[in-house]
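Have a look at the structure below before the remarks.
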Amino acid sequence: MGSAGTADKRGRAAGHVLRLAWVALLVTILSCFAVAHADTLLGATGYKMAGDAAKMRIVVNFDREPDIKWFLLRGPYRLVVDLPRTRFALDAKDVKPRGLVRAVRYGDQGHGSRLILTGKGPFAVDKLDVLKNDDGSGYRIAIDMSAASEREFDEALANQALTTGSTVSGGKGERVGTGPISAPGHRFTVVIDPGHGGVDGGAESSAGTVEKDVTLAFAKELRDKLAAVGKYDVYMTRDNDVYLALDERVRIARQHEADLLISIHADTIAVKGLRGATVYTLSDKASDPEAQALADRENLSDQFAGMKIEDDNKEVTDILIDLIRRETHSFSMSFAHTLVGQLSTSVGLINNPQRSAGFRVLKAPDVPSVLVELGYLSNVKDEAQLLSADWRGKAAQSITNAVALFAAAKAGTATGG
Ligand SMILES: [Zn+2]
């Protein structure tokens, strides 16, 4: 009995060991599967986004080369990137939406994973590349997107339907630099941008005249004069006293496929005797120290939005310089030249009235843009003129004449005549 009992005990113990071994083996096998499975998942290891409401660059890092497909969806405007099953290890603060991107979503779809970027409005995918990281740390998807018109978004959507989705090349590369926009039924479009607004009053005279009011009153006059010609579509970036960030103004111009952006300002300057109008275009190097100082002051407007731009500044500046397309620039220069000529017949100009500096509001890559400083609020005579409806009418008429000359010249270029 006793021995039988011992044998039974031994047998049970042996069976227990065997079971344990099986369990251990099973656990090992399962964990091997789990490891192997995790290894087959693509790893999204980082996400970076820089830019603003007019233009964004998005970079997503992966531990190895991702096999992707991308396409656009409407309602709301979305860019969808289809990925193999992916383990996302992204920092919540990196994917926080901003600028042109209203929402960033990503996740598993069962058979694959997906990254979805929702635009603040219609946009164009200028570029979408899968690139090998130079430091050997894997691969990245680099996406350049910029604000565009609804028509442009729909066109890209239609194109992708024709090419059955996947890696449709961004149509924008062809769009930029094709000269006059040739959308059917497109009328010459002017976007007038009254500087400042809302909490951002702009410059102020010693008598209390505020720049944002002067620019709005003038812009309305100019809008009416241009509309009266009957040949143009005319829009304003704002038509009441609201704050608008600089890149929002650029975005509005692009969404209307503007042929011209005219930003209206009336600054102050320490030299009280200095007066007269100035026309500015964009350049990465200012024409003179005063132009640089003015651009710095005007660019401060974005501070009112409470935007944290300092972190991105370097990258944004790179994008900005990248954006100064030669053709748009030459159109801007040509309009500025025409404008100075027309203004000289009706209003006073400062010495060297055609200048340039890095104004953020002039950075649309495909909208010829100028900034007009109508006069100086620091000069009492200029201030009196800016407040005079008569003077405003004269100055607005000169700008309207300049627009007519520019539009005619551009139409001539388009037809090759
Ligand atoms: Zn201003």
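Indexing begins at 1, ligand by ligand and atom by atom, following the structure's order.
If you look at the Zn ion (ligand 1), the protein N, O or S atoms less than 2.8 Å from it are H196 NE2, E211 OE2, H265 ND1, E298 OE1, E298 OE2.
Remark: E257 engages R151 in a salt bridge, criterion side-chain N to carboxylate O under 4.0 Å. In summary, K55 and D247 do not engage in a salt bridge, as defined by a charged side-chain N under 4.0 Å from a carboxylate O.
Using a 4.5 Å heavy-atom threshold, the side chains of W391 and V347 count as touching.
Taking the salt bridge (charged side-chain N to carboxylate O under 4.0 Å, His left out) definition, one finds that D296 meets it with nothing, sequence neighbours left out. Under the ring pair (Phe, Tyr, Trp, His ring centres under 6.0 Å) criterion, Y139 pairs with no residue at all, not counting sequence neighbours.
The salt bridge (charged side-chain N to carboxylate O under 4.0 Å, His left out) contacts involving residues 380-405 comprise R275-D382, where partners must be two or more places apart or lie in separate chains.
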